[in-house]
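Here's the structure we're looking at; comments come further down.
Everything numeric here is computed off the predicted structure, so don't read it as measured data. Sequence lines set the chain letters: A, B, ... in the order given, protein chains first and strands last, and positions in each chain run from 1.
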Amino acid sequence: MERLGTLEVKNLSKKFRSRNDELTVLNDINLTVQPGEFISIIGSSGCGKTTFLRLVVGLEKGYEGEILLDGQRLNGPSLKRGVVFQDHRLLPWLSIEKNVGMGLKDAKSDESRKAIQEHLELVGLKGFEKHYPHQLSGGMSQRAAIARALVNRPGILLLDEPLGALDALTRMYMHQELERIWKQEKITMIMITHDVDEAIVLSDKIVVMSSRPGTIKKIIPVPLARPRDRASYDFVKIKEEVLEEFQLHTEHPFTYTI
Amino acid sequence: MKIQLLKNKLTGLIIPLVLYVAWDLLSRYELVPSTLMPPPKVLFETWWVMQSSGELLLNMKMSLLRVGAGFLVGASSGFLLGTAMGLWKPVEQYLNPVFNFFRQVPVVAWIPFLLLWLGIDEWFKIVFISCGAFIPMTLKTYDGIKNVPASYLEVVRVFEYGWFRLLRTVIVPSALPSIFTGLRLSLSEAWMLVIGAELVAAGEGIGNVMVIARRLFQTDVVLVGVIVIAITGFAMDRLLGLLETRFLGWHRTQNAQ
Amino acid sequence: MSITTNVATFIRTRYHGLVSFLALFIVWSAVSHYELVSAEYLPSPPAVAKAFVKVIKSGQLGVSLGSSLVRIAEGFFIGTTLGFLFGVAMGVSATAERLFAPLFNALRQVPIIGWIPLIIVWCGINEPSKISFISIGAFFPILLSTFEGIRSVSKSYLEVAQVFEYNRIKLLRKIVVPGAVPNIVSGIRLSMGTSWLLVVWAEINTRSAYGIGDLLSSAGDGKKPDIAFVCIIVIGIVAFLINELFGHLEARLSTWRKSYR
Amino acid sequence: MKKTINILLILALGVAVFGATPGFAQPEKVIRIGFPGGSGRPLSAGGWGYVQAKNLFEEEFKKDGWTIEYNYIKTAGPGVNEGLANNSLDFGSHGDLPVLSARAGGLKIKALAAVRGGTSHLLVPTNSNIRTIKDLKGKRVGVNVGTWTHALLIKVLKDNGLTMKDIKVINTSGTAFETALTTGDIDAGFGSLSLIRSGRAREIWTTVGRHVRYQNTNTFVVREEFLKKHPDIVKRLLKVYVKGLYLASLNKNETLKFNTRTGTALADLVTDNGGQSIKYLTSPKLDGQVTQQYKDSLVLFKDNGLIRKTFDPEKDLYERKYLDEVLKELKLENHWPNYDINGNPIKK
């Protein structure tokens, strides 16, 4: 199966209506993601980045503008887009193997079995097929969730702060793993994060969003060779550039969540 | 460590033992009339007579059959209504208020009408037990389905599941702990109500044995009846508990963490 | 908000429920109007309304309800007091728990209705038997909830208290019991609900001069289905009120817990 | 929060103190007599009705502050036993099965006098095709378990070669029995003439005109503990009672008239007891008729599992001392003859 995964977002706006109020969450978002690109979206909490992601997944309905995946307008969730949530959301009553196979039409066929096995290997969970989620550590659970999202070979993988709940060391280890998976699968990834370092380590481009209403402030390319060195001069420079965006455009400087 | 544990267990036996000895002495020396509190020895003898004559088994069988029928009807219809209300908004909107209204009325209050409508035979007893078993089952099934975490549902929406697969992989397993609670509540309610039904309108059954014994002034038989229904109720609950651990191992361990 | 808007909101939010009740009422009226079921088995709505007015006017309902409520209050008081005391003792002291837990666990297995024949033999069919019966029913929920409530008071609070060198009484008063209050109140709610059910059981099984259960069963025996119907409705309403009242109390006393979480 | 708890506690305490006192207070100087009774009847049948209607006990004990409490126990004889067992009754007057089963179950009571002449009718719904007792086989029979009609049913079935195992016993009592019979929930059962008169039932068998062993022979019993504590009160009470029976025996018509206050029509009373001598009906003597019948009953009850331990009534039940003294003091030793097992007076 050929993987496409070009995402085009044109003039996207999203409003939430409560009884009396109307709240604009996203305003005039324009973004193009090429196949195989790794994009991070970074912004302070409440800037609408999660809403944006949910719109792309199709879990949120009703928007103005256009979201096109390989030229087709999005309409509800689909297997063409995988998603990994911050909480791993593995079903506690299913074994890891079955959790990973959740997205497959017929999880019992030889083909599916193979796909599950491959993806478990991909995320480094071989040998844990029969385990249950509660028997896994946080990092392992998140890896299982990634395998689950990838198993039907979606064109694009959306990650909603996938490493947010992990401790610093595990997180750094997971950065390597994620990069490896991304390279191996050659898949488009869009990740939401709070963590500037994480974004620079992994992304081709960093989308910086500002809040109320959420708009794209700046798109910062990261033209560094991989694997990236967190201590290098270029790395630090990009980091400063990203941080500067916040300094300048945040009304409440104390609400950083960096 | 082990000795301490044993000691702890033994402490628990002190009060029952003291009570037992007090009971034995009081009734043996007639400080408490043995007509009200027959001595333990008499109870064992009575139990043995009832057991060996087959009287106890026969009546237990009748009661258990009734509980079985009433529980089956009540719990399964409760499961259906709970599921329907949990899954379909219109059903919930129209039926939940009515259900909530009727569940406030204790089943016992319906006895005169149930007797009027159904007579004093099996129909009355089974309907009565079913009504009692129906309510906790409906509540717990409905609760369980309503409380399926939205986060799990979102995961599945991405996978484009049909409703049947959705039900099978997510909704039912997620609601299962609550449904099991419903089953246990429903069964203990059924067991209580079968005794109640047999006290009100007889036929055979362990409740009826107690009524007749009461009327023939055989307090020992009444007491044996109380003990037997306690043990049976306990055993039934444990049985469901075992089933629960078997099917819901993931839930137990998850909660224990 | 004005009354009309209140009513409008009520109707809008409860619309579906109201429709179902209306439908039920229409079916009931139709069935009894066309005598599909004889009035002996199902009294018509007007007959029930008339019976309602009659029992209120004659004072029968008031006296019955009053007697039942007094019975509940007595049994409930005895049962909950004992349950609370044992619950606190078992919650605070491991020895008390080890002493009493097996006994109560065994007694708890007797379905409450199973006590009826024994209690009648022991206490007769008058007030004492009814009150003992209700007491037994009210005892266990409070015992369990108090015990669990106290046990659920987090160790970290106890450590805080240790740092402040609280003595046992102060510890109990300032930390343990307040921490257990939400549990205790939900136990009280459960006990109260059970008591209401049990008073009806007790009255049906032992019969006395007054009581809502007595009114119900004598109406049922005496072929006065309209009065029996009134009783069922009243029993339901009281159960509902008890539930609401104690639900509110529970919510109020547990607010700190919610906001804390 | 603390305030709410305090208020709740005070409320609960208040209710309990206010409510609990009348419930558990044990009255002193009250003589409590229990009778089997349906819907709160004001009077008993037979000689008892005379004693009650004339307020004989009340007048006797008024002067020293004792009050009399008549209790009509809806759960009939077994209910009277329960009252005696848990000290809420001092005296009882109930049938052979309840008295004998109580004594067999260890209830400490003594029989002071006999109360004779209870009747009953085996009824079926009007449209039933049951004609004879043999037709009852496999049918659902309403039985007020533990009362004398329960025992009567066993006797009647035995006469016809049947046992309780051949019928389906449905435990019903009082008004529940009448309802069940008319709705067809039961096929037969012992009841009163009023059901026949209202056209709701038909009689297939009756105790009226039959051998006295089919009739109910009640006994007037006292709790042993009360007897030990107040032998004088027991004797005085018995004396008044016997005096009442004597007066009743002199005037059959007045007695029957008092008995209509139980709610039974005069015609029915005449049908039930009219054929029997008033002397027989009022005799308190624990004579051969009573003792022989009770002896036979004990065997029957043991055989049918109604009692599990038999005993000697002469030793454990009858207390003739007081009755003998009273009769002597009243000079009524010869007013009532001794009756034999067939209900015939024994000539001296």
Side-chain angles (χ1 to χ4, degrees), chain B residues 7-16 19 35-37 90 92-98 100-113 115-117 188-189 191-196 199-200 206-207 210-211 213-214 217 219 222-223 225-227 229-235 237, chain C residues 14-21 23-24 37 40-42 94-95 97-103 105-118 120-122 193 196-198 200-201 204-205 212-213 216-217 219-221 223 225 228-229 231-233 235-240 242-243:
Chain B
K7 227 172 112 190
N8 288 353
K9 289 236 156 153
L10 288 179
T11 337
L13 293 176
I14 293 179
I15 298 244
L19 284 178
T35 47
L36 297 186
M37 197 78 201
E92 180 187 4
Q93 282 173 327
Y94 284 107
L95 292 188
N96 199 26
V98 178
N100 258 325
F101 175 78
F102 279 102
R103 93 185 156 84
Q104 304 285 353
V105 184
V107 195
V108 50
W110 291 103
I111 286 181
F113 275 99
L115 282 174
L116 206 62
W117 292 335
S188 74
E189 182 81 12
W191 184 234
M192 180 170 98
L193 292 184
V194 75
I195 308 296
L199 293 184
V200 171
I206 187 74
M210 288 162 76
V211 174
R214 194 194 116 201
F217 212 76
T219 318
V222 177
L223 254 166
V226 169
I227 294 168
I229 58 178
I231 292 173
T232 312
F234 178 70
D237 192 61
Chain C
R14 310 276 168 98
Y15 164 77
H16 299 94
L18 290 175
V19 168
S20 320
F21 279 113
L24 211 62
V37 174
E40 219 169 86
Y41 290 102
L42 186 73
T95 318
E97 189 202 343
R98 273 183 247 124
L99 276 174
F100 295 115
L103 176 72
N105 271 331
L107 288 178
R108 204 158 55 91
Q109 305 304 331
V110 181
I112 181 71
I113 291 173
W115 288 106
I116 288 182
L118 199 60
I120 291 176
V121 174
W122 283 344
W196 181 238
L197 186 146
L198 295 186
V200 178
W201 260 117
I204 284 187
N205 271 278
I212 190 78
L216 173 68
S217 62
D221 276 0
K223 293 236 165 184
F229 229 86
C231 291
I232 290 178
I233 293 170
I235 289 169
I237 290 173
V238 172
F240 173 78
I242 288 174
N243 200 18

Legend entry - Closest contact, heavy atoms only, B/Val98 versus C/Phe21: CA-CZ, 3.7 Å
Inset, instruction - Let me know if B/Phe234 has heavy atoms under 4.5 Å from chain C in its side chain, its backbone, both or neither. - result: both
Inset, instruction - Indicate the atoms forming the closest heavy-atom contact of B/Ala109 with C/Leu216, along with that distance. - result: O-CD2, 3.4 Å
Legend entry - Proximal component of C/Leu24, with respect to chain B [non-hydrogen, under 4.5 Å]: side chain
Legend entry - Choice from C/Gly114, C/Pro117, C/Pro102 maximising heavy atom contacts with chain B below 4.5 Å: C/Pro117
Inset, instruction - Name the region of B/Phe217, side chain, backbone, both or neither, that has any atom closer than 4.5 Å to a heavy atom of chain C. - result: neither
Inset, instruction - Among B/Leu95, B/Ile111, B/Asn96, B/Leu223, single out the residue with the greatest number of heavy-atom pairs under 4.5 Å to chain C. - result: B/Leu223
Legend entry - Atom pair CG/CD1 of B/Leu199 and C/Ile204 - distance to nearest 0.5 Å: 11.5 Å
Legend entry - Check: B/Phe101 ring centre within less than 6.0 Å of C/Phe240 ring centre: no
Inset, instruction - Please flag which part of C/Tyr15 lies under 4.5 Å from any non-hydrogen atom of chain B: side chain, backbone, both or neither. - result: side chain
Inset, instruction - Measure B/Leu19 against the heavy atoms of chain C and call it side chain, backbone, both or neither at under 4.5 Å. - result: side chain
Legend entry - Choice from C/Trp115, C/Trp196, C/Trp201, C/Phe229 maximising heavy atom contacts with chain B below 4.5 Å: C/Trp201
Inset, instruction - Mind listing the closest non-hydrogen atom pair of C/Pro225 and B/Phe113 along with its distance? - result: O-CZ, 3.2 Å
Legend entry - Atom pair CD1/CG of C/Ile113 and B/Leu193 - distance to nearest 0.5 Å: 5.5 Å
Inset, instruction - Name the region of B/Ile231, side chain, backbone, both or neither, that has any atom closer than 4.5 Å to a heavy atom of chain C. - result: neither
Inset, instruction - Examine whether an atom of C/Ile120 lies under 4.5 Å from a heavy atom of chain B, and if so say whether it belongs to the side chain, the backbone or both; otherwise answer neither. - result: side chain
Inset, instruction - Please determine which of C/Ile232, C/Ile237, C/Leu197, C/Val238 meets the side-chain contact (heavy atoms from CB on, under 4.5 Å) test together with B/Val105. - result: C/Ile232
Inset, instruction - Please report the closest heavy-atom contact between C/Gly17 and B/Pro97, naming both atoms and the distance. - result: CA-CG, 3.4 Å
Legend entry - Distance in Å, C/Ile233 CD1 paired with B/Gln104 CD, rounded so as to fall on 0.5 Å steps: 14.0 Å
Inset, instruction - Step by step, work out the side-chain contact (heavy atoms from CB on, under 4.5 Å) result for B/Met192 and C/Ile112. - result: CA-CA 7 Å; B/Met192 180 170 98; C/Ile112 181 71; 3.2 Å; yes
Legend entry - Engaged part of C/Ala101 at the chain B interface, taking heavy atoms whose separation is under 4.5 Å: neither
Legend entry - C/Ile116 versus chain B, the contacting section by heavy-atom distance below 4.5 Å: side chain
Inset, instruction - Identify which of C/Leu103, C/Leu18, C/Leu99 forms the greatest number of heavy-atom pairs closer than 4.5 Å to chain B. - result: C/Leu99
